[in-house]
Amino acid sequence: MAVNYSAKEEADGHPSGGVGVPGGGAVGSGGGGGAVKTRKPDNTAFKQQRLPAWQPILTAGTVLPAFFIIGLIFIPIGIGIFVTSNNIREYEIDYTGTEPSSPCNKCLNVSWDSTPPCTCTINFTLEHSFESNVFMYYGLSNFYQNHRRYVKSRDDSQLNGDNSSLLNPSKECEPYRTNEDKPIAPCGAIANSMFNDTLELYRIDNDTRTPITLIKKGIAWWTDKNVKFRNPTGDGNNLTALFQGTTKPVNWPKPVYMLDSEPDNNGFINEDFIVWMRTAALPTFRKLYRLIERKNNLQPTLQAGNYSLDIAYNYPVHSFDGRKRMILSTISWMGGKNPFLGIAYITVGSICFFLGVVLLIIHHKYGNRNTSADIPN
Amino acid sequence: MADPIRWARYRWQRLISAEGRESSSSNSSSKCHQSSKTTGKHRIVIPCLGHFKEEYEKVSKLYMNNKIRTTKYTLLNFLPRNLFEQFHRVANLYFLFLVVLNWVPLVEAFQKEITMLPLVGVLTIIAVKDGLEDYSRYKMDKQINNLLTKVYSRKEKKYIDECWKNVNVGDFVRLSRNEIIPADMVLLYSSDLDGICYIETAGLDGETNLKQRQVVKGYAEQVSEIDPEEFSSRIECESPNNNLSRFRGFVEHSNKDRVALSKENLLLRGCTVRNTEAVVGIVVYAGHETKAMLNNNGPHYKRSKLERKVNTDILWCVLLLILMCLTGAIGHGIWLTRYSEIPFINIPKPDGKSVPPVLAGFYMFWTMIILLQVLIPVSLYVSIEIVKLGQIYLIQNDIDFYHEKTDSTIQCRALNIAEDLGQIQYIFSDKTGTLTENKMVFRRCSIAGQEYCHEENAKRLESYQDMDSEHEDSVDCQCGSSTHMSKWQRHSCRAVCEPLNRKSLNQLSGSYPAFIRENGAGGGPHSGHMAFSSPIETDVIPDTQLLEKFSQISFHSYQQSEEASSKLTLETMYITDFFLALAICNTVVVSVPHQPRQKMRLSSLGRMPIKSLEDIRQMFQRLSVRRLSSSPLPSVKESSSESPNSFVRKLSIFRMKLASPALDGAAQRAGEPHNTDSPENSQVPQELDMVNGAGCEPNSAVSSIELSPLPKLCYEAESPDEAALVHAARAYKCVLQSRTPDQVTVDFAGLGSLTFQLLHILPFDSLRKRMSVVVRHPISNKVVVYTKGADSVMMDLLRTASEACTNNSEIEEKIKERTQQHLDDYARRGLRTLCIAKKVMSDAEYAEWLNHHFLAETSIDNREKLLLESATRLETELTLLGATGIEDRLQEGVPDTIQALRKAGIKIWMLTGDKRETAVNIAYACKLLEPDDRIFSLKSQSRDVCALVMSKILEDIQKNASAKKKPSQKLGNVFTSPSTQTPGFSAGLVIDGRTLEHVLHDSLQSIFLELTEKCRAVVCCQATPLQKSVLVKLVRSKLKAVTLAVGDGANDVSMIQVADTGVGISGQEGMQAVMASDFAISQFRHLRKLLLVHGHWCYTRLANMVLYYFYKNVTYVNLLFWYQFFCGFSGTSMTDYWILILFNLLFTSVPPIIYGVLDKDVSAEILMQLPQLYMMSQKSVAYVPSTLWITLLDAFYQSLVCFFVPYFTYYDSDIDILSFGNPINTAALFTILFHLLIECKSVTWIHTVVIVGSILFYFIFTLAFGATCKTHNPRSNSYWIMEKHITDPVFYLVFLLTTCVALLPRYFLRVLQGTLFPSPLLRAKHLDRLTLEGQTEAIKRWKDECDVNDRGESQATSVSFSSAAGAVSEEETIDSVLPTSKTPFQACSRDGLVEDTSSLLDIQDDSGSTNDLNSKKTEFLNLSKETNTDTFGGINSCAKVSACASEVGSSAVSPADKAGLNSLLCEEDALVCFTKLEC
């Protein structure tokens, strides 16, 4: 092969063979019987594009069963989900206090760190009793926790207990990275804007207010609590010492190591804090606040009757037209109350069933001609 | 980098423009061009010796030395330059733009590093690839530069070893056998006695045959080797250029004598010296200035139609992206204004202030661009490339393209236009060698007006034909009817030559020409382009009648005939001259298969009866000649392919030996010692041993030849025609014995051996269409010119009656007339015709001419023109001897292929250099034209008339078409099937080269194109290569049609390069066409599968994949877009960035590629049988503009579903961002993959593996990622999300519902489409399902449907024409009284020609009905004068109509003879209009 042309061939992607240089070996003549090497392509199914293939032909006749099957599967699922969802008890109170009549109206323009906190009490009545464990949520609306720059304004290393990040938080936390030359722990906008209302629930039974035990542990993901969030490590377990050199977020009344009295729910591993740090996907969201466990099998968790909700109103949402809610809900295997999924399944199943019928008609009217491959004219 | 925007625009334009050419391709050559410009028009080469030394120092500085560097990069500039080149790609630029954008803090959407990921990945991969490629180039360069060669050293006064890189212009280089030529040099010495050197140019053009090169005139005579010290001449030649077939210059001796240099004197770099012991040359071009390097342009890039469309659609995507980003920007601004004060969720700037909404919106625009970047499917380009590679791989591996005889299969040389094969609308085909086999078989001849039809020969050919078709594929075929001898040879050659061919061709090609040539009958890619002659061509059985006359020829009678001119002897003289012309007037090289030379001499001596002293002299002379001719390299075949126009000029040997008569010179030569060639003698046994070593039986081979009665001579011709003629002459015992540059020996049966001194050869060129040899006749000792050429030109050059003063003039006139008849007859039979003529000159005349000619030869600038003039001066006043008819048989399967391609809606044009009749007949034979087509023949002399005629034809066609429409509607056949889309009314157009010239003029182009659009087939005859390419260009640019050009020879190269898709047929005419082509096939019939099956597949696959890609990206990106409505248009992504980026790169990239490579909508068998299906891809049904929008609409819908089902499910719940994104992402993955499954027409295990693999990979990746990333990615921390989800039933419920709802509409619509409005493709797919029997039946039914359709229309035709027939019925009855034969008809039309010099049109109106197919009755209806004047008189008053006799009556016309009818129409410039009706 020509020495000059090597470059061209490479670029061509055709090493030798292309330009008529004898590429193969000898064709064995009668006497030799050597290996025959020709340019003949291999006669394999792949190279000849004869791989056995499933060739779905989408005609009414062939897909009919599929539609009916989908319909038959979806409708029961939908009904199941719907029923489950309907069985969930849910109760919701909006305590923002925008209406003048609301007890919390007075607290509407509260600021982050007003001391003493503005408190208000809302009474409500549960029509039905809540049989199983009850989850107590706080809900916020028009709160864009998913804002791009809000979402990233945190330092996961710091929250994971990394000591260097504790004192030198990530730049992402700006402008909530340092305050008065001291690093903020936990830094960032998310932590800074942590929900800090306190909600207490009382059962009013013949004018007696019985506090309902609200469990504040077990509301965060196990992995968050145990792996992702960690307090800084150091000598001793004194959180105050460990957070030495840092300062509290601007809006917080207390430093992070004073979030709770229990040591295993304090600092970064405070579950309220962890729950808050898991930023919500949508501007209207709820976050788990407390658990109300069912005591025994004889009594429902929350009986039908009157209750009152005591609120230490600290969190200002009025400035951005936000709403605050308290939600009591039982949950099922599929989470909270959500009629959408069940209805959607039923609808889709019905549509499939209907389409199946349409196809059946079509198949009977026009289907035959395809089997014989006739030309429709 | 300074002006990125302009740069980007420029790159976009390049990307979009069809002619986008990689700039990198011609880096090295452009450099050379620059440097060559500086050296002025001519270059002067002088040796670095003696008194030239000073000038040498001055001049040679300007020239490059022989060091080459083909690398693009050096170690230092690799990184910047590679990056620079990579950023020439828009895709990379786009990435870069995004990366830069992401570094702007206000805009940044992703983490900076992540955006760089795709860019860095792509850049690294390509940089590594480029680097490796360049390194191997560097190594190769180094190796080449350090090759050793012998260069004359001034110091040591001898040739010393020197590296190639140190060779300079002006150096003397001495090369031995089998050495590679290091630079372009002028040949100054060859060890060959005739001053010939043989080179193999495989490195340049892939042709392994040997070419002759000649020592510069004046140096050839030197017996001893040239001494560089004594070389005192200077060489002046043109500046370096890349034209391999041209070299002009002269040598100026110290005494100011100039000797012309041509390319015959130039040894090209990269070629190998063969069969010549030693050569010496002086370097004229070195290094990058050599012709080989200048030709090294790298691959050419074409952009397919589909790709152009994709580019425009990508622009739509850009628009969409901008729209979406604008929405985001405005939305963000509005969102911000809703807040009276800064909400704490909107983080203020460090200074505590917030950005004003408008500015924030502006920033957001750019953020959105980063976020939604995937909308521009950059990965599409990469995927398209990969898919194309896969498609090409499959095409190359198709076993159906394998041609057993030549052991060759398809070569895809262009990698990126496979899908264009599916969109071809026009095919431009060469005739010779493309449609035909290019195996020339001598069929008939006419001498002195007497025809010899060679019946026996015809019978023999019949049997060959049968045999060929029977044993097409069997290896051991062709023993049947060939003679015993050829059978022998076939076996022996199979034993010997195949190993030779493959293994040791290089060493042995010269020594065993016979074997190789025999093998070459199969035409292997390496041996096939040598002039081969299979038995079918060589064995001509003489005509008995002619043989009889031949036997009367004797030396005595010949001499008599010179003097007396009786009728008989005159005829004998004609016959003698005719066969002498056949044997001499060519450039055939004779070779003798190698055998021990002594033996041959003995045998030849023994056989020769020694009669007289004269005979002995002749014998000696023959011996000497044989020695010469059979010495170093007998097998020389000049390829015809180096230059389109003057392919023969290579051999043109200009000799100036005027004085000495042939015999004297020969005798002198005979006196020389015979044994100068002893090295050759000793070589022979060695070579035989080698053959032995190859494991064969050489003895049998050799002995078989020795056994043969005559020494087996092998003829190596430039064109198969020549070989056929020489073989024909040989059959009449007029054997061309040898040919050297200055003499030709012919062994003439009755006359003994005649040696002609070869005075001059005027080679063939396509302009003159003839060639001539000037010889000195040994008997009469006169200068005789033998000319052979196309009858169109030859007839004008004959001596006319007035010029000839002899009494023969009458006879000559009669001969001319009768020969013309025979020629017409030959043409009608589809034979290639050649006229043979001669001219006797006096010495004085010749000398005068020669003087002129010599002047023309030595001029540098105007040489071509002067040579042409000089040739014209010689070739006048010729005497016609006769004519030959050579058959060029159609290739196997050509008619079927053409028919199928026509059914596929492809218009086929035949562009040929042959004459009209031959072309039309071949067109009929290959079913390009059909008997019931209406043929319009365009033949005009002036442009205006041409325009008129064309508009008239158009009118005519339209009239017919509209007349036909009505009845067909009445029939109630409302066809929707594609088969009916071909116009039921079919017209053909025949146009010749001269008319083409007018037609191609700007003003007529549009009407011509309009006309051709109406015609189903166009035949262009007598077209030059340039016209061919202009035509292709015209159709391509004006009609915006996708064109394919197919050809096999050098004259097709320009056409192949111009067309969208160029197909080369690796036939007998060298590799030029193949080298220029995009696809190279070995047989025309392969085109059928290539287009109908692979073209269709490639197109539909790629189109569907592209659409899928658009769908995929839009669907996925829109998910993010919808989310913006719920995050304040802040640019948040609900999916982890890593997964976002990798989703396109990893999880969903492989299935579409597999889909693009392997999807199969209809099986190959069905596609082959139903060519109508091709129209689906041809009309881009899979990818019409609306499909993009439907696809995008579907994408929008699906993304809406994918987003909002999870949205409503998780509304007002405690879900966090990434947990929300996860089911969306997963649902999108399933939707996108299952969408592919719906679109897939065939699902193989590969599809299954890939799709399942993608899903698994996604889960594995997300699980692994979720398990490990707890802190390292603060902005998208999907820690443990997937883990949590896979245990959550709602997750499954959500993505099940989402997937179903998203895909339901498309699925349902596909089902409806499949049931209610199945496309032809879908129906064809049903056929696959059927059993074999059912399938054939269904296909038959389908075809019938089409036929019925056709018939319906043709019935309509008959209706419209029956009225016409009725109108002329009166004339019919009158005319039928005068049944005339064809001859009077022609005479009549000739009369018409004489009368009407201004009528320039010739229309044949051939329309037929197939009412009764069995009846072969033919009627010629001559339309009356009135009709004609009605039709044409109005528009062209000067065009008179010649009404001709019509033949009315019945004659059995066999389908083959139908073609004959057409010759009727081809009369010069007469307006003939007649109708043929088949009843």
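Proteins get letters first, then strands, A, B, ... in listed order; numbering begins at 1 in each.
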Side-chain heavy atoms of [X] within contact of [Y], under 4.5 Å:
X	Y	result
A:F74	B:L1297	yes
A:F320	B:R338	no
A:R286	B:D1212	yes
B:H1247	A:W54	no
A:Y144	B:W335	yes
B:L1312	A:L58	no
B:D398	A:Q48	yes
B:Y339	A:N142	yes

Pairwise distance [atom1]([X]) to [atom2]([Y]) - rounded to 0.5 angstrom:
X	Y	atom1	atom2	answer
B:I1217	A:F285	CD1	CZ	10.0 Å
A:Q145	B:T1132	CD	OG1	11.5 Å
B:S408	A:K40	OG	NZ	12.5 Å

Engaged part of [X] at the chain A interface, taking heavy atoms whose separation is under 4.5 Å:
X	result
B:L1296	both
B:K1160	both
B:T1209	both
B:V1311	both
B:T367	side chain
B:S1133	neither
B:L1304	side chain

At their closest point, which heavy atom of [X] faces which heavy atom of [Y], and how far apart are they?
X	Y	result
A:F46	B:L394	O-CD2, 3.7 Å
A:R278	B:S1219	NH1-OG, 4.1 Å
A:P41	B:Q396	CG-O, 4.0 Å
A:A53	B:S1242	CB-CB, 3.7 Å

Toward chain B, the part of [X] with a non-hydrogen atom under 4.5 Å:
X	answer
A:I81	side chain
A:P283	both
A:N43	both
A:Y345	both
A:R325	side chain
A:K287	backbone

query: Is the cationic atom of A:K228 (NZ for Lys, CZ for Arg) positioned less than 6.0 Å from the six-membered ring centroid of B:W1280 and within 45 degrees of its normal?
result: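 No, A:K228 does not lie over the aromatic ring of B:W1280.
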field: A:T284 and B:F1126: CA distance, side-chain angles, deciding distance, side chain to side chain contact (heavy atoms under 4.5 Å, CB included) verdict
entry: CA-CA 9 Å; A:T284 300; B:F1126 304 98; over 6 Å; no
message: Can you tell me which of A:L282, A:V348, A:I70, A:N160 forms the most heavy-atom pairs within a distance under 4.5 Å of chain B?
response: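 Result: the option with the highest number of such pairs is A:L282.
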task: Under 4.5 Å, counting heavy-atom pairs only, tell me which of A:D162, A:L51, A:L355, A:I327 racks up the most with chain B.
output: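 Among A:D162, A:L51, A:L355, A:I327, the one with the most close pairs to chain B is A:L355.
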task: Using distance alone, with no hydrogens and no angle criterion, decide if B:Y1123 and A:N146 have a side-chain donor and acceptor under 3.5 Å apart.
output: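 Yes, A:N146 and B:Y1123 have a side-chain donor paired with an acceptor closer than 3.5 Å.
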query: Can you list the steps and then say if A:Y150 with B:C1127 is a side chain to side chain contact (heavy atoms under 4.5 Å, CB included)?
result: CA-CA 11 Å; A:Y150 180 83; B:C1127 67; over 6 Å; no
- prompt: Do the rings of B:Y1307 and A:F67 sit parallel, tilted or perpendicular, given the 30° and 60° boundaries?
  reply: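 B:Y1307 and A:F67: parallel rings.
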task: Evaluate side chain to side chain contact (heavy atoms under 4.5 Å, CB included) for A:F340 paired with B:V1205, printing each intermediate quantity in order.
output: CA-CA 9 Å; A:F340 169 77; B:V1205 170; 4.2 Å; yes
Reference residue B:F1308; test side-chain contact (heavy atoms from CB on, under 4.5 Å); the match among A:L359, A:V63, A:I351: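 Considering A:L359, A:V63, A:I351, a side-chain contact (heavy atoms from CB on, under 4.5 Å) with B:F1308 is found only for A:L359.
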message: Let's test your reading of the structure: which of B:E1283, B:K1241, B:R1310 forms the most heavy-atom pairs below 4.5 Å with chain A?
response: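 Of B:E1283, B:K1241, B:R1310, B:K1241 has the most heavy-atom pairs under 4.5 Å with chain A.
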B:T1315 side-chain N/O to A:A60 backbone N/O, donor-acceptor pair under 3.5 Å: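 Present.
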